[in-house]
Number of protein chains: 8
Amino acid sequence: MPSAQQEVELDFDRRRRTGLDETIFTQGKSLSQLDSIFETARLRGASLLVTRLAPEKFAGLEPRWATSLDYCPISNTAFFGASTPLDTAHADVAIVAGGSSDAPVAREAERTLAFSGVPSHMLIDVGVAGLWRLTRHVETLRGFAVVIAVAGMDAALPTVLGGLIPGLIVAVPTSVGYGVATGGHTALNALLASCAPGLTVVNIDNGYGAACAAIRALRIRTCEPVYRPFSSCDSNQPEHSLVSI
Amino acid sequence: MPSAQQEVELDFDRRRRTGLDETIFTQGKSLSQLDSIFETARLRGASLLVTRLAPEKFAGLEPRWATSLDYCPISNTAFFGASTPLDTAHADVAIVAGGSSDAPVAREAERTLAFSGVPSHMLIDVGVAGLWRLTRHVETLRGFAVVIAVAGMDAALPTVLGGLIPGLIVAVPTSVGYGVATGGHTALNALLASCAPGLTVVNIDNGYGAACAAIRALRIRTCEPVYRPFSSCDSNQPEHSLVSI
Amino acid sequence: MPSAQQEVELDFDRRRRTGLDETIFTQGKSLSQLDSIFETARLRGASLLVTRLAPEKFAGLEPRWATSLDYCPISNTAFFGASTPLDTAHADVAIVAGGSSDAPVAREAERTLAFSGVPSHMLIDVGVAGLWRLTRHVETLRGFAVVIAVAGMDAALPTVLGGLIPGLIVAVPTSVGYGVATGGHTALNALLASCAPGLTVVNIDNGYGAACAAIRALRIRTCEPVYRPFSSCDSNQPEHSLVSI
Amino acid sequence: MPSAQQEVELDFDRRRRTGLDETIFTQGKSLSQLDSIFETARLRGASLLVTRLAPEKFAGLEPRWATSLDYCPISNTAFFGASTPLDTAHADVAIVAGGSSDAPVAREAERTLAFSGVPSHMLIDVGVAGLWRLTRHVETLRGFAVVIAVAGMDAALPTVLGGLIPGLIVAVPTSVGYGVATGGHTALNALLASCAPGLTVVNIDNGYGAACAAIRALRIRTCEPVYRPFSSCDSNQPEHSLVSI
Amino acid sequence: MPSAQQEVELDFDRRRRTGLDETIFTQGKSLSQLDSIFETARLRGASLLVTRLAPEKFAGLEPRWATSLDYCPISNTAFFGASTPLDTAHADVAIVAGGSSDAPVAREAERTLAFSGVPSHMLIDVGVAGLWRLTRHVETLRGFAVVIAVAGMDAALPTVLGGLIPGLIVAVPTSVGYGVATGGHTALNALLASCAPGLTVVNIDNGYGAACAAIRALRIRTCEPVYRPFSSCDSNQPEHSLVSI
Amino acid sequence: MPSAQQEVELDFDRRRRTGLDETIFTQGKSLSQLDSIFETARLRGASLLVTRLAPEKFAGLEPRWATSLDYCPISNTAFFGASTPLDTAHADVAIVAGGSSDAPVAREAERTLAFSGVPSHMLIDVGVAGLWRLTRHVETLRGFAVVIAVAGMDAALPTVLGGLIPGLIVAVPTSVGYGVATGGHTALNALLASCAPGLTVVNIDNGYGAACAAIRALRIRTCEPVYRPFSSCDSNQPEHSLVSI
Amino acid sequence: MPSAQQEVELDFDRRRRTGLDETIFTQGKSLSQLDSIFETARLRGASLLVTRLAPEKFAGLEPRWATSLDYCPISNTAFFGASTPLDTAHADVAIVAGGSSDAPVAREAERTLAFSGVPSHMLIDVGVAGLWRLTRHVETLRGFAVVIAVAGMDAALPTVLGGLIPGLIVAVPTSVGYGVATGGHTALNALLASCAPGLTVVNIDNGYGAACAAIRALRIRTCEPVYRPFSSCDSNQPEHSLVSI
Amino acid sequence: MPSAQQEVELDFDRRRRTGLDETIFTQGKSLSQLDSIFETARLRGASLLVTRLAPEKFAGLEPRWATSLDYCPISNTAFFGASTPLDTAHADVAIVAGGSSDAPVAREAERTLAFSGVPSHMLIDVGVAGLWRLTRHVETLRGFAVVIAVAGMDAALPTVLGGLIPGLIVAVPTSVGYGVATGGHTALNALLASCAPGLTVVNIDNGYGAACAAIRALRIRTCEPVYRPFSSCDSNQPEHSLVSI
């Protein structure tokens with residue numbers, strides 16, 4: 001039988017390149033693969049964010065891993081070790097969710113931000129079917145540079161928000177709902193087709209990805225742009241040999 | 001026959017609320033509706049960004065409007081009057097496109113940014129089937145706070161980019177392609193399912209929306225967050241009567 | 001070659017059964033079929049509502065029909081003769097549309113109501129991306145027993161309305177939009193998945209059907225219910241022979 | 001771990017705005033969230049309609065809630081407290097279902113109406129494959145102002161009904177069936193594409209929504225329209241500041 | 001709680017009208033509904049064909065019903081009582097299936113035919129990936145008036161057969177397969193798009209429907225056509241009042 | 001440039017094998033390919049049925065072919081030469097269509113039957129929205145051995161018919177309609193999911209295929225079954241070498 | 001109850017015709033069918049490759065079969081007996097997988113190759129989000145004649161590879177992922193729409209099929225082409241009678 | 001207006017890396033972009049394969065380019081200059097197409113092979129509805145190392161072929177057909193779900209891609225594998241800095 005060790009190749013260089021921490025998406029991974037991953041991280045003294053870790057899989061982990069994880073059963077996330085906070089950590093993110101059934105996705109975003117040291121504030125159950133629940137918070141929401149907006153079913157919440165606030169909105173459709181809403185495709189498409197300009201969208205239930213996008217955006221605050229115009233060299237001649245790629 | 005005047009209601013307050021200019025999406029609008037829109041804007045001395053203005057429809061406009069528009073037939077955009085540059089205009093955006101067929105969408109983003117006074121730099125035809133075309137620009141691209149990445153077909157370009165740079169990536173799928181790529185749904189789904197964390201996505205061919213998202217994000221650089229924690233008032237009691245909503 | 005006369009069978013009994021006038025949906029019908037239909041109606045002295053009559057097809061009609069039609073090129077509808085107003089004609093219907101591109105569909109509803117003598121009031125371009133455009137009319141809209149809400153793209157307008165007013169809402173998705181909004185399926189699904197309870201929905205671009213539903217609903221105002229409980233006869237024994245069906 | 005209390009925000013103002021009672025859709029909600037919801041309602045002395053409460057979830061509720069609920073395991077609904085009957089309660093609604101497998105959805109509609117005090121009469125298993133089962137009731141059905149028609153598979157029942165009766169028809173597709181009927185999309189689309197004019201449709205299996213639509217429609221009988229024409233004020237100038245929204 | 005008795009309405013007149021026996025599709029029916037159905041049939045001395053009766057549901061039936069059923073756990077069918085053989089029973093039907101995983105669907109067809117007294121011959125696992133398995137039976141298959149062809153995945157078997165034999169082919173796609181074959185939609189569409197002319201198709205996994213179609217077709221052999229030309233009466237005047245419908 | 005002659009390979013043996021005539025589906029074929037096909041048929045003295053021959057393509061044919069074709073512009077069919085009537089030609093087929101827009105598809109079936117010498121009777125515009133239009137013909141329809149039922153939109157007509165008559169029903173969905181009915185997929189799925197047992201279905205707009213199926217079925221009347229039980233030889237040993245396949 | 005023996009027909013001639021061994025796809029097969037298959041193979045002394053044999057089904061096999069199988073629970077494959085190595089066995093295949101969750105599919109390919117005696121080398125978890133994980137192996141990969149590339153989610157890995165190496169690439173999309181990636185359709189479509197020319201694709205999760213394609217390709221190395229030009233005989237005259245087909 | 005020159009970046013290094021020539025896919029490219037591309041190639045003395053060049057676009061090219069292109073209006077391909085034949089050019093490829101409507105796709109494959117100097121043999125109109133048309137060529141087809149199989153509608157041809165020959169089969173679905181076959185998705189899915197093992201598939205209508213895959217496979221014949229085992233270096237430490245990627 002093949003060794004699980006051969007099947008995992010971690011990317012500890014990711015933060016240097018992208019500002020994001022190495023993260024283990026556990027759905028579809030076997031317990032022996034997770035064992036190899038944690039052992040590799042332990043040996044390097046590295047920290048990991050763990051996502052989609054269902055309670056049943058968490059219960060199946062070797063005790064030495066289970067006890068060393070900071071696990072949240074609502075968001076199905078875990079922290080393996082502690083991460084170094086980002087320089088952008090003093091910037092806050094708002095997380096707004098349409099219904100209480102969207103809470104697990106909103107919490108996944110909150111936990112992902114927390115792992116990178118970014119604080120967030122959360123508003124849940126403010127769907128637009130009761131518009132007052134959202135509008136009484138609009139002035140506050142206008143003060144946030146980045147708002148993660150989580151919504152299922154018709155996902156009208158981020159659209160209404162998009163017409164009222166100036167910040168970056170990262171919208172997360174959720175799979176909450178039945179009939180045509182099953183699986184979240186209606187919410188996703190409604191967000192992509194939004195009449196409010198400038199909404200950005202991530203995959204269904206992808207609270208993790210929304211938080212990563214927020215981290216990328218917050219970096220704008222602190223880093224100095226150093227771009228130079230794209231070089232005018234002969235673009236048809238590869239400068240580097242194939243090996244160097 | 002009903003009057004077109006009754007059928008348009010412009011939102012000149014939009015920039016104050018969201019930082020984005022009022023924009024006229026002309027697809028599906030009749031020439032008489034466009035006539036009403038331009039007349040309303042003229043009377044108020046307002047500027048407008050005009051999108052999806054196909055050459056045939058541009059040719060059908062009354063001469064007084066056609067001559068006063070700054071029209072681009074590649075991106076199908078026009079400027080009606082000039083906008084006031086945003087405070088964030090000193091920040092640059094990179095626009096990267098996978099193939100030359102994606103140019104109209106990339107140009108729509110470029111023009112939308114230009115209307116708000118935001119400069120941009122463009123790289124076209126750097127799809128990953130010839131990886132060297134992209135990798136030789138990676139160091140430069142790492143210096144940009146926001147990168148708009150435009151790609152059709154399999155849309156692998158933004159994913160590769162997402163693993164190499166730390167900036168905010170707004171990915172735009174395009175409808176370029178045939179067979180399963182027809183209409184851009186494959187590109188869209190590939191971007192949403194990307195293995196590179198933190199990509200954000202907009203609707204197919206939506207260069208305009210990507211630029212709006214970039215403008216929202218660039219605001220992070222200049223504004224001071226003034227958020228206060230969400231109020232602890234009894235959330236079950238609407239403070240305002242229905243009328244005030 | 002077969003005769004078009006054999007291919008049409010009008011249902012002049014429809015109003016007696018359902019309260020709705022016989023209507024000719026012209027899409028897919030040949031000019032010779034339309035000729036037969038108008039001739040049949042003329043011979044009986046009957047009135048007809050004509051829908052989906054594109055200007056090109058209208059231009060191809062025999063002059064004797066074209067000149068006797070009350071034709072509207074925005075909604076692509078025509079009146080052949082005049083209908084007897086319904087008893088419910090003193091009740092008003094509001095028609096609300098999200099964008100000016102939705103006007104043809106909203107006008108189809110308006111014309112269908114007008115053919116039955118039902119007055120309507122129309123609000124166009126009040127999409128929720130500029131929420132104030134809608135909310136300043138909410139008090140007025142609360143006074144209507146039936147509101148037809150027309151919206152494309154993300155179709156968030158009827159959902160927001162559904163949380164603010166008590167009347168019957170008949171929502172019409174439109175095919176306005178591009179990318180994932182193409183064809184109106186996103187708008188349709190968002191309406192069906194709406195978080196606002198009690199929205200009813202009709203087919204994409206079906207302004208005609210929405211007006212028919214409004215006419216069915218308005219009948220509630222004037223007719224006296226005469227129902228009797230479902231009979232307790234042996235339900236497993238058909239009382240009537242097959243012939244009588 | 002986050003508190004479930006922060007994740008629920010009830011809308012007790014809903015009935016005043018829309019005539020519909022606050023309803024808890026329990027699918028996707030955790031037991032601790034339900035606990036918070038019932039506690040909030042208890043403290044305010046409020047009543048709630050509860051839907052999609054599967055027997056397993058009902059069995060997991062705290063005993064104090066389970067014993068105080070009026071629970072129906074066929075429709076998966078529960079009443080928390082009693083609602084005040086609507087003024088329209090003297091008007092009856094007919095509920096017609098194509099097959100006995102559609103009974104849970106039909107019962108959800110019946111229970112929703114009952115919670116608002118609206119009586120209903122039910123006919124089940126009258127699908128058109130045995131047309132006599134439906135036609136022998138047509139005279140009776142013609143006396144109802146509102147008919148909720150529930151059907152899965154090909155959903156031909158509401159179409160046949162729509163050609164025979166004048167009342168408002170709210171059609172509910174169900175997810176009953178296999179192969180192309182799986183999930184109810186065929187039934188949904190057949191209803192939207194119905195050749196019978198004026199059918200309205202709600203989401204798949206949404207008996208609750210159909211009942212809400214019926215309640216909205218029945219209000220037509222009792223309320224006095226007070227609409228005024230839409231105001232002629234300058235529509236481009238928001239009267240209210242952003243805060244008041 | 002509502003009574004299951006009110007939720008079932010059997011159609012014992014079906015055979016007289018259509019030549020097919022009343023059949024109970026049990027998927028989605030509750031045990032108490034099945035109890036009512038069997039009791040009704042028992043009181044009338046009627047026979048029933050029962051389909052989609054999964055072993056778990058069969059095990060849940062009251063003993064008095066379970067013991068009186070002729071149950072087949074492969075096809076999930078049961079006979080309640082015995083049916084009177086059709087006059088066409090001396091005509092044989094061939095049933096051909098592509099793979100052994102298609103056996104349950106093929107067996108459902110076989111059992112449905114058997115309930116009406118129609119004999120059938122079965123060939124299983126003769127998919128065209130090993131063409132000789134099919135071609136060596138072609139001469140025999142050419143002798144059958146009706147062939148039911150069952151196939152999943154790419155469903156190429158009925159197409160190949162359609163080019164080699166003259167009989168009526170009723171093709172049944174099955175849900176066997178994975179990836180794009182999941183659920184049987186690929187098989188269904190391949191059959192509908194077949195390049196072999198004159199294939200007829202039924203729903204995915206619908207062995208029952210294929211057998212019913214075969215029974216309808218076999219009737220051609222024995223009955224005398226008695227059609228008269230469609231009447232030349234005025235087609236616009238319903239002869240019968242609404243009540244008689 | 002390649003020769004069109006190399007690109008066509010006619011199947012003049014088809015009638016002997018399947019009872020159906022060789023038919024040329026012209027959609028997607030070039031004029032030079034059609035030229036080769038007609039020349040080949042002329043040289044062999046063979047007859048051909050031609051389908052999907054749009055008027056524009058018919059107008060582009062070489063005059064010698066155009067003048068020798070019996071062309072019908074409604075059904076887009078043509079006869080090249082005359083076919084020998086089938087032995088089953090004394091049996092009649094009924095063709096029933098829901099709306100007048102379905103006439104081209106119904107006429108394609110009628111012409112296909114006529115090419116094989118099979119008479120048919122047609123009823124058009126008898127959709128179930130006006131049920132009396134269909135039910136007054138039920139007694140007549142019960143006398144036909146085979147009924148081809150053509151319907152678009154919700155395609156409820158064949159289902160209602162299926163509950164009332166005993167003959168073989170070949171249902172043809174049409175692409176008539178808009179919104180969810182566009183392209184005919186809703187009609188197709190509704191037919192496959194029909195609650196009336198024993199309907200068979202062909203591809204969207206496939207009047208030709210329905211007629212071929214009718215021809216296959218009518219053969220039941222005249223031919224003597226000569227089947228022998230499937231041979232009991234060792235099924236795992238191919239009797240014939242690969243070459244003979 | 002029917003005999004399972006009648007439901008299986010093995011194709012032991014397959015290797016002679018196609019170079020591939022008879023394989024048993026166990027999904028959907030009953031235990032009694034598997035029992036018949038193994039008994040048939042045992043009697044003939046034949047070897048079989050067994051795929052999709054889930055651990056639960058493996059556990060249900062009769063002990064005499066379970067103990068004689070070489071079973072791998074990661075790939076869900078088993079070897080029944082040993083196969084004769086192919087002549088092409090001295091050629092190696094590379095298998096590259098994007099993530100560790102793709103391992104079962106990659107292992108299915110590896111095991112299928114091993115059953116035919118073809119060695120393979122495997123690289124797992126080299127997805128392009130960390131591009132260095134792939135590029136450091138490019139020189140090695142350029143040496144392989146055939147590369148099987150396994151990827152889920154956005155499936156960008158094979159596209160990047162396709163631009164860097166000259167060998168035959170057989171891409172396998174996997175069902176790994178959530179939201180729009182669920183079921184693997186996004187991965188499949190992205191591969192089919194790849195901007196890298198000459199990728200070939202197999203069904204989702206079809207590691208077995210990819211290995212079979214590799215075996216077909218490797219045969220190129222060893223066999224001598226013996227083609228003769230397609231015969232110039234009269235193509236319209238079948239040389240062989242129907243029986244010989 | 002932006003310069004088209006900036007929008008094209010050719011990949012003249014492609015053949016060295018992948019063995020495939022640089023190819024210009026012209027769909028979606030403007031005439032000014034094509035002008036830049038040809039000028040760039042002319043200056044470098046490079047050859048180009050041009051695909052999807054519709055006659056109308058070809059007619060719009062500047063005369064100097066049009067006259068120097070070897071253009072084929074059936075396959076919509078053109079050669080700009082001549083390519084150096086591959087070393088594998090002495091190996092032949094068979095191209096088999098199901099119907100004459102598939103000829104343009106088959107010809108695109110033929111032309112792509114010809115541009116690289118690879119000869120091919122073509123069989124068109126050998127679909128399996130007339131099985132003898134295919135089987136009489138089987139012995140010849142068994143001699144080819146690579147067979148490109150082109151088929152629309154149900155695409156059963158490659159499946160039947162896959163059970164009869166040992167060579168590599170690259171299957172190309174085509175968009176030929178109507179109803180469920182529209183666009184080629186049914187053909188595509190049927191090929192992916194094929195019961196014949198080892199078929200590989202490319203995008204719909206992608207004759208070009210199939211030829212590229214054949215070229216990749218033919219290289220197996222001539223090149224010497226030089227693989228070395230994947231290196232055992234610490235896979236978690238990128239050896240090269242980010243710049244070198």
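Within every chain, numbering begins at 1; the chains are lettered A, B, ... in the order of the sequence lines, protein sequences first and strands thereafter. Everything numeric in this text was worked out from a predicted model, so none of it was measured.
Chain H forms more heavy-atom pairs under 4.5 Å with one residue of G:Ala217, G:Gly19, G:Ala213, G:Pro197 than with any other, namely G:Pro197. Of the listed residues G:Asn206, G:Val201, G:Ile204, the one with more heavy-atom pairs under 4.5 angstrom with chain H than any other is G:Val201. Annotation: maximal heavy-atom pairing with chain H below 4.5 Å, among G:Ala94, G:Pro166, G:Gly198, G:Ala211, occurs at G:Pro166. Of all the listed residues (H:Val202, H:Ile165, H:Leu20), the one sharing the greatest number of non-hydrogen pairs under 4.5 Å with chain G is H:Ile165. Ranked by heavy-atom pairs under 4.5 Å with chain G, the list H:Gly162, H:Gly209, H:Ala193, H:Ser194 is led by H:Gly162.
Minimum interatomic distance between G:Thr18 and H:Leu164 (heavy atoms only, all atoms of both residues): CG2-N, 4.2 Å. Minimum interatomic distance between G:Arg17 and H:Arg142 (heavy atoms only, all atoms of both residues): O-NH1, 2.7 Å.
For H:Val126, no part sits under 4.5 Å from any heavy atom of chain G, backbone or side chain. Residue G:Phe25: no heavy atom, backbone or side chain, is found under 4.5 Å from chain H.
No side-chain heavy atom of H:Thr200 sits less than 4.5 Å from a side-chain heavy atom of G:Leu168.
Side-chain atoms of H:Arg216 do not come within 3.5 Å of backbone N or O of G:Leu199 as any donor-acceptor pair.
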